[in-house]
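Remarks on the structure that follows.
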Amino acid sequence: MFSPVEGQVSFPKLEEATLRFWKEQAIYQRSLDQREGAPPFVFYEGPPTANGMPHPGHCLTRTIKDVFPRYKTMRGFRCERKAGWDTHGLPVEVEVCKELGIHSKEEIEAYGVEPFIQKCQKSVWRYMREWERLTERLGFWVNLDEAYVTYHESYVESVWWSLKQLFDRDLLYQGHKIVWWWAQGGTALSAGEVGQGYRQVADPSVYVKFPLVDEPDTSLLVWTTTPWTLPSNQFAAVHPEIEYATVLVVREGNHGDTESTEDGAEKLILAKDLVEVLAEKTKLKLEVVSTCTGRDLVGKRFMPPFDTYSTLSAKEFFSIGDGPQGAPFDDTPLFDLKSFITKDSLSKESKHIGWRIVPAVFVTTASGTGCVHIAPAYGEDDYNVWFFEVFDPFGGYCNPPLMNCVGPDGKFTDYAPEFVRGRWVKDCDKDIARNLKERGLLFHQEQYLHDYPFCWRAEEDPLIQYPRESWFIKTTAFKDAMLENNQAINWMPEHIKAGRMGKFLESNVDWALSRERYWGTPLPIWQCDETGQQEAIGGYDDLLAKPGVAGTEVWEEAKAADPTLPDDLRVHKPYIDAITYDSPFEKGARMSRVPEVIDCWYDSGAMPFAQWGYKGEGRGTGDAGRGNSEPGSVSSRSEAAEKFANQFPADFISEALDQTRGWFYSQLAISTMLWGAQPAGNPQSEIPNPQSPRPTPPVPHPFKNCIVLGLMLGEDGQKMSKSKRNYRDPAEIFDLYGADALRWYLLTNQPPWSSIRYSEQAIKDSIPEFLLRLWNCYSFFVIYANIDGFDPKAELSGAKPPSPLGGGARGGGTVSPGVDSSCTTAANSTESTSKTPSAGRVTPSPNPSLQGRGIGADRFAAAESYRPIADRDELDRWMLSELHRTVALVTERMDAYDNFGAGQAITEFVDGLSNWWVRRSRERFWSKDKRSADKLDAYWTLYECLVETSKLIAPFTPFLAEAMWGNLAGVFLQENGGDAALASVHLADYPEADASLIDEALSERMGLVRLIASLGLRARQEASLKVRQPLAKVEVILASTEHQAWLAEHAGVIAGELNVKAVDFSDEPEKYVDHEVLPNFKLLGKKLGKLMPKVKQALNAQSGSELLANLRDNGQIDLVVDGQAVQLTPDEVEVRIAAKPGWAAANDRGVVVVLSTELTPDLVREGLARDLVRAIQDRRKEIGCEFTDRIEVGVETDSDDLRGAIEQFGDYIAGETLADKVTPASITGAEEIAINVGEAASQLGVRVVR
RNA sequence: GGGUGCAUAGCUCAGUUGGUUAGAGCGCAGCCCUGAUAAGGCUGAGGUCCCAAGUUCGAGUCUUGGUGCACCCA
């Protein structure tokens, strides 16, 4: 017996019970154990941060991350799923600051770094419980118990190890990062903070003349909206491809005699396209003298607008800043300094250090002059120009300092022109313009309206772009390698590859690694306090092993004072900063750590190896410095190496679109740098990594397939926001609708990469649309199987259930030898495949270790009552063909990571099962003969479909699948031993399609049957003929007679569905339909080209019947178009038919169904009988009859027709309603109710017979 | 300002290598069926396929330009 199915199912309740079952039975762990030794399917969890509350968007990510590992596990792979948590970074600090009511770095310092980071560490887990609950309740199977955590010591050390690799290969360097700087607060703002503070303001916009050194009276005309940056000018940039014009300025009064007046002959260079615009603005005539491209201007030298730096001597200039004194420069004025000394400057073409025209592709002619003033300290583009023109990342202290006459307080320093010194830069714009005007350098001035960022904490403070010292990773050296790696990744959607990610990689700039913050992985670089020389440390033990190490007591004392402090904190600020050691570079000097922590994106990108604490391949492979590590570390280190080797690269990852430049990039970059082919041109980086002897892995790595999810928007189409309340808390969704409803909605409503709008209604709708529909099929099966005592286990063991009607068509009681005792072992299932040949599998399992876990057709075939599919009814063959077609499609789609396509296939299948197979098969379940072959076929067919469906949907809706499986397969479960998969569908193997059972022709034909039925119903409606009223016949006319013979043989289904006595395939279609012959555009387009429209006209002009006759008689249609003979073959035309007016008919897609509307008295009485049956059935339900209760019926009526119907169809009525007696008069013991049968009002009494 | 996407029914979205009648689900309206029944079926109304130009015998689909929205980067 199957457990009875509740009439009113509550999916949330069902799911809670399933969760308990999974937990108690450790199903997830068993699903892994079961695949011990199987090929791995590697999944990486992109770490979320538990520092904020999860919302429905996270449900999408976690659903996608769950469905494929579940699927692959069922397909025979071992898929470990190590969870992870992203724990470092600014958002954590901001949370803690909020809690403390403080903002600035000064305030943090004042509060104390030590207590601050202790608070950060605790804050990281603030919403941990919510995240764990969400993860579990959604059914996301992931190993939370052994999650990696980015602040853990082993993780931090693994990151250190990787940074040491980069440092030792000269891929880490110090430079500047131009940041948005809040001068008054003395801190940089993150992109998010800057974004909040944009306001529209009017700034001065100045057009300044930069006189050319070698061309008298000619100036480059540059444009800027930040006059205060002009004293730090170093270059002017032009676009190499843009056309520039040299114009003569014609002022009033000097027109015509410019050549004679030396002073008035003023020439300017600007973009040709902007000459008119500028002439209009200045009301001056600008005569174009000559033109050239930007490239021709490159290299020309100009006089800077201020002599701030140009008049300094090289010696003075190079000693600016903190760098060591004594660099080998002389008294040459900087303006004249040609070339400067760096370690590879000898190979470089010598160039002046500044005040020359340089090319830059970011220059546009959208506004200004097409000539851009470059002050490298105050803009990222500007800085990049400088970086490219004069900076050598590894030039050390010989590199020129940035020209920057503004202090971090936003005020001009002593290097600036005297009239602005000590003043806030933004206040000086006007004075600077006035000064330029006085010196004749200002050509034009105006107001410029644009968006400019202000500090979100101090609204009156404008931000400025300002350089900060920063550490960089030389990712640009790996641009080609990253592009190659990217090329090999299977991005979904595909446009990410060449689009967002490809474009991003092509414009790659070096990774700004460091952050001047507190809660992050400390940058593991120690610097000599005498010489400034540096080295990287690859692990905490390595640090302790350094000579003269000191400062460890700071941590030890903190730990002694508070033993609850996690040991992981010892590798964090401020404890790690306290540790110093003897400098190997200078006797007596000490090494101490640089103050920065690193970008937490680096943490996440290091996850492929850091999650295992990987620190190289183990001892003896170049790790000579370590002599005193603990004995245990060797094995753990090699264990990490083994784990890493086994779980790299990932087969599958997924996150939302915003991770393109986040986690997707950080992983790609780090993996390419550590393990990819090394770039040429950087001698150090070509040295093979001594600690990583593993061969360069084939691209792509570290992930092969990546689904890039769309962003989820709130109900109103806006960004999801807590304050707008445009979404519901996931926990409530689970309680109201259940996780399966949410999962199904997320997985099948749209391709995962289209941006998705949270829709509560759509989540709700997935219940009736899919979950409940399937549940009804399942419930239908269980109800009847229990009534009839259909028990597949009993069928298989040969012990036939008692058969009141003396057994079915095949007789009963015989026992199949060899199947009774071993039917639940996996081994047996392979033996029994002889009945259903396994040849021709559509999607062979990738894993030979699959053993057909769980139950399926292979096993059922051993039952006596299980007839070969070929012997069964057309409807059953069709359903099983659909099943296998669906299995093939779903596996094919899922192998291609297309959950959406797979889901659609499942939906279609369940629709067919529910709305066609069950609908058309109901009567078979009502038949009295419990052992008839037809009835048993129906049971086996439905049972098999439901069992396979529960496996099919297991990755999508794991709870519903488990509930169905638990009952359907549960009958096979033995007390001890047997196939473990019988306990949980998630331990079963995924279904495999049997190609021999797929019958495409049958599919097509059944589609036609459904079409005919649908058309018949439509025709009935138009003629107002209820389906309950039987009709004599329908005529079916087909445009193509290909399937007519088959349909004629299987007209029973149509007749039943349409309630007609006969289905005729008309041999005189002309009576009912008009023919229309249309060209097949696809075929004829190529053949006819421009004649096409005329051929269409010609076909229109003739009658369809004539053309058809032509086609029948000659095998082709002959036309003359434009005097040209045109022949059309049958393939090249399409014949359409339409019902002639005057018939109760409907037509669509080449099928016309015509109703015979004539009603005989017999038909009328039969219709009344059926109507009465309906009324009695309604009554049965009203008085609470069980399905099997027998009744007595009395009908009192004035209608002769109805009395006649009861007389004529009494047996039919009794049979349909399980009535012992149907009397055409009132009966005793039954309440009489009024009913409407036919036109007449009557009284009905129904009484249960006890 | 740049890059990348998206724009189709009231809503959410499909729409193949270009093929002439643009589909589905929900919602709405009407009808039907009902021994799965707080399900199910049929039908209807509802469209400037964002706009414009181009390529083509033919454009929702391809090209160019524009508009709007989103994300990323400035």
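Because only heavy atoms are used, hydrogens play no part in the values below, and waters and symmetry mates are left out as well, while side chains stay in. Note on naming: letters A, B, ... go to the chains in the order of the sequence lines (proteins, then strands), and numbering restarts at 1 for each one.
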Checklist entry - When we call it a touch if two heavy atoms are under 4.0 Å apart, what does A:R922 touch: a base, just sugar-phosphate, or nothing? => result base

Item to check | SB check A:R1010 A:D911 (cutoff 4.0 Å) | outcome: yes

Checklist entry - What does A:V1095 touch in the nucleic acid at a heavy-atom separation under 4.0 angstrom: a base, only the sugar-phosphate, or nothing? => result nothing

Item to check | Side-chain donor/acceptor contact of A:S914 with base of B:A39 under 3.5 Å | outcome: no

Checklist entry - Nearest to the side chain of A:C777 - B:C71, B:C72, B:A36? => result B:A36

Item to check | For B:A52, the Watson-Crick or wobble partner whose two distances fall under 3.5 Å | outcome: B:U64

Checklist entry - Whom does B:U4 pair with, Watson-Crick or G-U wobble, provided both distances fall under 3.5 Å? => result B:A70

Next on the checklist: Over all strands shown, is A:K1096 touching base, sugar-phosphate only, or nothing at heavy-atom distances under 4.0 angstrom?
Outcome noted: base

Item to check | Residue-phosphate contact under 4.0 Å: A:R1020 side-chain N/O, B:C32 OP1/OP2 | outcome: no

Next on the checklist: If you count every heavy atom of other residues, nucleotides or ligands that lies below 6.0 Å from A:E908 atom CD, does the total exceed 12?
Outcome noted: no

Next on the checklist: Here's a test for you: under side chain to side chain donor-acceptor pair (under 3.5 Å), which of A:T475, A:D599, A:T476 qualifies with A:W511?
Outcome noted: A:D599

Checklist entry - For RNA chain B, whose closest nucleotide is more 5', that of A:L1218 or that of A:V1027? => result A:V1027

Item to check | Residue A:R919, side-chain atoms from C-beta onward, closest of B:G40, B:C26, B:C72 | outcome: B:G40

Next on the checklist: Under 4.0 Å, counting only non-hydrogen atoms across every strand here, what does A:Q904 touch: a base, just sugar-phosphate, or nothing?
Outcome noted: nothing

Checklist entry - What is the pairing partner of B:A24, taking Watson-Crick or G-U wobble pairs with both distances under 3.5 Å in any strand? => result B:U12

Checklist entry - For the side chain of A:R773, counting heavy atoms from C-beta on, which of B:G40, B:U43, B:C26 is nearest? => result B:G40

Checklist outcome for this item: Regarding the side chain of A:N749, the nearest nucleotide among B:C57, B:C71, B:U12 is B:U12

Item to check | Partner of A:Y943 by ring-ring contact (aromatic ring centres under 6.0 Å, His included), out of A:F780, A:F781, A:Y778 | outcome: A:F781

Checklist entry - If pairing requires Watson-Crick or G-U wobble contacts with both distances under 3.5 Å, which nucleotide is the partner of B:A59? => result none

Checklist entry - Contact class for A:R1170 (heavy atom, under 4.0 Å): base, sugar-phosphate, or nothing? => result sugar-phosphate

Checklist entry - For the side chain of A:K479 and the backbone of A:E506, is there at least one donor-acceptor N/O pair under 3.5 Å apart? => result yes

Next on the checklist: Can you tell me whether the side chain of A:R500 and the base of B:C71 have a donor-acceptor pair closer than 3.5 Å?
Outcome noted: yes

Checklist entry - Is any side-chain heavy atom of A:L1128 closer than 4.5 Å to a side-chain heavy atom of A:P1079? => result no

Checklist entry - Which of the following nucleotides, B:C72, B:C42, B:C26, is nearest to the side chain of A:L1017? => result B:C42

Checklist entry - Are A:N776 and B:A39 close enough that a side-chain N or O sits under 4.0 Å from OP1 or OP2? => result no

Checklist entry - RNA chain B: A:T1217 or A:K503, which has the more 5' nearest nucleotide? => result A:K503

Item to check | B:G46 - base-pair partner by Watson-Crick or wobble geometry, distances under 3.5 Å | outcome: none

Checklist outcome for this item: Under a 3.5 Å limit on both distances, the Watson-Crick or wobble mate of B:U17 is none

